[in-house]
Amino acid sequence: MRSVIVASIAASAAAFAPVSQKAQSTQLNAWIQDQVVGVTPPMGYFDPLGLSYGKDDATMMFYREAELKHGRVAMAACLGWDLDAAGVH
């Protein structure tokens with residue numbers, strides 16, 4: 001009985017021992033530069049509709065600036081809507 005208890009304790013202790021694993025890379029090697037417009041850290045290059053096909057970097061930077069500007073205007077509009085609904089006039 002005592003050996004069964006010792007064996008179960010040893011087996012449970014082995015479950016928490018660190019396991020050596022090789023680092024696996026899931027990054028695609030298609031991009032040489034990390035600063036290409038459209039590359040973001042969590043997703044990489046994400047353009048499922050192909051809207052950036054044939055566009056140069058200047059056009060893509062303009063699109064990015066417009067997206068940021070419109071997003072900020074939309075956030076300000078939502079804040080104004082919430083303040084108006086709260087009774088602040």
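- Under the 4.5 angstrom side-chain criterion for Ile, Leu, Val, Met, Phe, Trp and Tyr, the cluster partners of L83 are L79, V88.
- Pairs of residues two or more places apart, or lying in two chains, never qualify as side-chain hydrogen bond (donor to acceptor under 3.5 Å, both in side chains) while including a residue from residues 70-82.
- Through direct or relayed side-chain contacts under 4.5 Å between Ile, Leu, Val, Met, Phe, Trp and Tyr, V73 connects to no other residue.
- The side-chain hydrogen bond (donor to acceptor under 3.5 Å, both in side chains) check on T59 picks up D56, with sequence neighbours excluded.
- Qualifying side-chain contact (heavy atoms from CB on, under 4.5 Å) partners for D84, counting only residues two or more places apart in sequence or in other chains: H89.
- L51 shares a hydrophobic cluster with L49; the chain of contacts runs through ILVMFWY side chains whose heavy atoms sit under 4.5 Å apart.
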